[in-house]
Asker: 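If you scroll down you'll find the structure; I have some questions about it.
Bear in mind the structure is a predicted one, so any value in this text is a computation, not a measurement. Labels below follow one simple rule: chain letters A, B, ... track the order of the sequence lines, proteins then strands, and each chain is numbered from 1.
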Amino acid sequence: MTDFLLDELNEPQREAVTTTEGPLLLLAGAGSGKTRALTYRIAYLIHEKGVKPWHILALTFTNKAAEEMKQRVNDLVGIDANAVWVSTFHSACVRILRRHAELLGYTTSFSIYDSDDQKTLMKQVIKKLDVDPKIYKERSVLAMISSSKNELISDLEFNQIHQGDFRLRKTGELYSEYQRQLKMNNAMDFDDLLLNTVRLFQIAPDVLEDYQERFQYILVDEYQDTNTAQFKIVSMIAGKYKNLCVVGDDDQSIYKFRGANIRNILDFERVFPQARTIKLEQNYRSTKNILEAANQVIAHNMGRKKKTLWTDNDEGVKVAFRQYDSAFDEADGIIRDIIQNREQYSYGKCAVLYRTNAQSRLLEEKCVAYNVPYQLVGGVNFYQRKEIKDLICYLKTIDNGRDDLAVQRIINVPRRGIGAASISKLMDYADSRDIHFFDAICEYEHISGLGRAGARIGEFLTQIQALRAKAEFLTVKELLEQVLEDTGYRAELESEETVEAESRLENIKELINKAAGMKDEAGDPTALGRFLEEVALVAEVDNMNPDEERVILMTLHSAKGLEFPKVYLSGMEEGLFPGMMSINSGDPEDLEEERRLCYVGITRAREILVMSAARTRMVNGENHYSRVSRFVEEIPAGMLQQRNHDAEHRDALRMSSRGTGYSRPKAAVLSTPGNISYRLGKEFTVEKADQLDYSVGDRVRHVKFGEGTVTNIEEGKRDHEVTVQFDRVGEKHLFASFAKLAKIQ
DNA sequence: CGCGAGGATATTTTT
DNA sequence: TATCCTCGCG
């Protein structure tokens, strides 16, 4: 078994797998098979070294990475693998903290505040301390607190360090008050999870020792993204056995803005003098052309670990660069290019990457216009969506009333006539007595000046109590549905009848599905807590299904760790990428980080890489002219296949936007119903189709609504009216030419 | 209390 | 250009 495993590895990978004892730094370039090395290492530890699975801890950054690793370890090792702790830093910390929360003055059921909660709380703190919100914006104060926590600087230390500076002293006060409030709410923010774990280990050496014994072998993925706190946690646990293997690529460190400390990787050998370093330099992913372009760009950074990526793969085709007149043309060009080449590179093989989320809009519009199935990754987090948070806060409130923010959030959602004035009366009352907001609600009859709202508060209280009673014999899913009914939340959305409300209901359905996935007995008292826990730490639902044939649109940041046969890097413009901020900051490090981001982008591509830029682009409302990104110019011109998309294309577009409409390139005529003729721009004309290529009973797909079954087709004057029962959104009436339904199978 | 008008404000992102 | 937030009015 083991020999068989090792045969699948190249020399340095094998070394990385078999060097099990002592600290090991694995410098793994993009596409060099680092996840493979990590998972094989775990398998090797268990099978060859006889290490018990529960003595192994593997830490990753994202849930997705953790999931993937778990999966791959499972495939490799078998059932034993479940005993291996494979988790994100944050969830590992939660697990540890729950067990020992009392030592830090928290109860075991402490709640976790996400960035929205943090903002809300900070707003309250700023108000309470009566500082000028113009000068102390919650966003920047929180950023400062966060980076302090990441550097393991507590509010006390912060105050000590910044005695001299008035403004920072004030910030320190905000920090302290913020922490006080968190503690009162029995809550930790994301950074606290790390910070408190370190504190726990410091104040309870016996606890630390338990974990040192427990985790004799530690692996850390994406090590270049760890911050100081994370490094501390790892080195504390590894302090005894020192069997610590970290895998990273300094060239792919792109999270400095969020506390990642690149020194963690550059200084690893200093902190662990006995450390061995192994480099994985063979790239299995990209063509020679793509890899060479990446190498050229990243070579412009100073202070890297020496490392040269090479590959045995084919030359491939040259990296393309295209400059368009406007961002509009760029998006159009990219999507049309995808359509034209879809024979060779189907939709699912293409990804369009960009620097800022704002850039996705144009691309999205083009996809819709050309009926190209697409998947937008990122944007607003599922669990950060309003409707989801509302429901979660209901569940939190039902679970226990100890989370003030949660209660405050939902007390007037849906509208119950409890306004800001009443809420702040309740808050004052709670404050003055040092009790929880929810307790204040319970005593609403004793609070003067509530007026009409008093009765409403009473109704709210009754409702929550009724739900609590029901919770005792319901599953989480049933409880959720009960909440939707009893509070009128669903009714309110349904009565809205807007597209937006529609998609909210859809999101809610997804949450219910998630709850249904919990295997809980009706009334299981721990189930609700477990559900909330899961939800607090799981960010994006992993909805990027690689089997589906959709063009992926996402930011460069979220592309890390992924690969695609064909990649478009859009918006290669000075001021956008690299961004204005990094150009003007004066810190050359910032520009280097942007360059690393570019490197990450380039190395996502397996076979085809197309970079593009626009001469003009709308930025913050005004037209902006920009030069081609320096990153493009850092690739020698001879290595690029350049094309200017001015004259010919522009003329073609101009002509087509007059007259009868723009006829799409031949290749772009898809299985769309009818002969749709477009004009560019938002409006387009449609012609009624003679015949539809689907009929009643057929399964069809819609870009926005997903899959469904045709239940009726009616002959209209100008168009066919199609009724479709969609799986996710229910029944819809659509005009055939607009809906652009595609038959499945 | 709710709504609409007008002003300020614009990275990147995970947990 | 959009979106978010605040403020003032009904």
Asker: Under 3.5 Å between N/O atoms: give me all the protein pairs with nucleotides 1-5 of chain B, atom names plus distance.
Answerer:
unit_1, atom_1, unit_2, atom_2, d
dC1(B), OP1, G419(A), N, 2.1
dC1(B), OP1, S422(A), OG, 3.1
dC1(B), OP2, G419(A), N, 3.3
dC1(B), OP2, A420(A), N, 3.1
dC1(B), OP2, A421(A), N, 3.4

Asker: Quick test of the criterion, 5.5 Å between centres and less than 30° between planes. Is Y255(A) stacked on dT14(B) or not?
Answerer: no

Asker: When you measure from the side chain of T88(A), which nucleotide among dT13(B), dT11(B), dT15(B) comes out closest?
Answerer: dT15(B)

Asker: Rounding to the closest angstrom, what is the interatomic distance between dT12(B) and dC5(C) at atom P?
Answerer: 16 Å

Asker: Under 4.0 Å between a side-chain N or O of N63(A) and OP1 or OP2 of dT14(B)?
Answerer: no

Asker: Please determine if R263(A) forms a cation-pi arrangement with F231(A), meaning its NZ or CZ atom is less than 6.0 Å from the six-membered ring centre and no more than 45° off the ring axis.
Answerer: no

Asker: Please give me the minimum heavy-atom distance between E589(A) and R596(A), naming the atom from each residue.
Answerer: OE1-NH2, 3.7 Å

Asker: Look at all strands and tell whether M581(A) reaches a base, only sugar-phosphate, or nothing, counting heavy atoms closer than 4.0 Å.
Answerer: base

Asker: Who passes side chain to side chain donor-acceptor pair (under 3.5 Å) against Q124(A), sequence neighbours left out?
Answerer: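 Q124(A) satisfies side chain to side chain donor-acceptor pair (under 3.5 Å) with Q408(A) only.
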
Asker: Return the value, rounded to whole Å, for the distance between atom NZ of K137(A) and atom P of dC5(C).
Answerer: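 Going from NZ in K137(A) over to P in dC5(C) covers 14 Å.
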
Asker: Specify the separation, in whole Å, of atom NZ of K256(A) and atom P of dT12(B).
Answerer: 17 Å

Asker: Choose from dT15(B), dT1(C), dT11(B) the nucleotide whose nearest atom is closest to any side-chain atom of M618(A).
Answerer: dT1(C)

Asker: Let me know the distance between CD of Q224(A) and P of dT13(B), rounded to the nearest Å.
Answerer: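 So the two atoms are 17 Å apart, to the nearest Å.
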
Asker: Consider the side chain of H90(A), meaning its heavy atoms from C-beta on, and name the nucleotide among dA2(C), dT13(B), dT15(B) that approaches it most closely.
Answerer: dT15(B)

Asker: Which pair of non-hydrogen atoms, one from N227(A) and one from N264(A), has the smallest distance, and what is that distance?
Answerer: O-OD1, 3.4 Å

Asker: May I ask you to evaluate whether N227(A) reaches the phosphate of dT14(B), defined as a side-chain N or O under 4.0 Å from OP1 or OP2?
Answerer: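 Negative; the distance criterion is not met.
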
Asker: Between dT14(B) and dT3(C), how far is it from one C1' atom to the other, in whole Å?
Answerer: 24 Å

Asker: Does a side-chain N or O from S582(A) land closer than 4.0 Å to OP1 or OP2 of dT11(B), or not?
Answerer: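 The answer is no; no side-chain N or O of S582(A) sits under 4.0 Å from OP1 or OP2.
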
Asker: Does some side-chain heavy atom of T197(A) sit less than 4.5 Å from a side-chain heavy atom of F89(A)?
Answerer: no

Asker: How many whole angstroms separate atom CE of M122(A) from atom P of dC5(C)?
Answerer: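 M122(A) atom CE is separated from dC5(C) atom P by 16 Å.
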
Asker: Classify the nucleic acid contact of F61(A) as base, sugar-phosphate or nothing, counting any heavy atom under 4.0 Å across all strands shown.
Answerer: sugar-phosphate

Asker: Mind checking what makes salt bridge (charged side-chain N to carboxylate O under 4.0 Å, His left out) contact with R595(A), not counting sequence neighbours?
Answerer: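 If we apply the salt bridge (charged side-chain N to carboxylate O under 4.0 Å, His left out) test to R595(A), skipping adjacent residues, the hits are E634(A).
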
Asker: Can you check the E593(A) CD to dT11(B) P distance for me, whole Å?
Answerer: 17 Å

Asker: For residues H557(A) and Y255(A), establish whether the separation of their ring centroids is below 6.0 Å.
Answerer: yes

Asker: Distance check needed: dT15(B) C1' versus L194(A) CG, whole Å only.
Answerer: 8 Å

Asker: Mapping A358(A) and S115(A) to their closest nucleotides on DNA chain B, which lands nearer the 5' end?
Answerer: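 That would be A358(A).
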
Asker: Write down the distance between CZ (F110(A)) and C1' (dT15(B)), rounded to a whole number of angstrom.
Answerer: 13 Å

Asker: Give the minimum heavy-atom separation between V628(A) and V632(A), together with the two atoms involved.
Answerer: CG1-CB, 3.7 Å

Asker: Taking OP1 and OP2 of dT11(B), is either one under 4.0 Å from a side-chain nitrogen or oxygen of R258(A)?
Answerer: no

Asker: Report the distance from atom CG of D590(A) to atom P of dT11(B), rounded to the nearest whole Å.
Answerer: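 My rounded result for the distance is 16 Å.
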
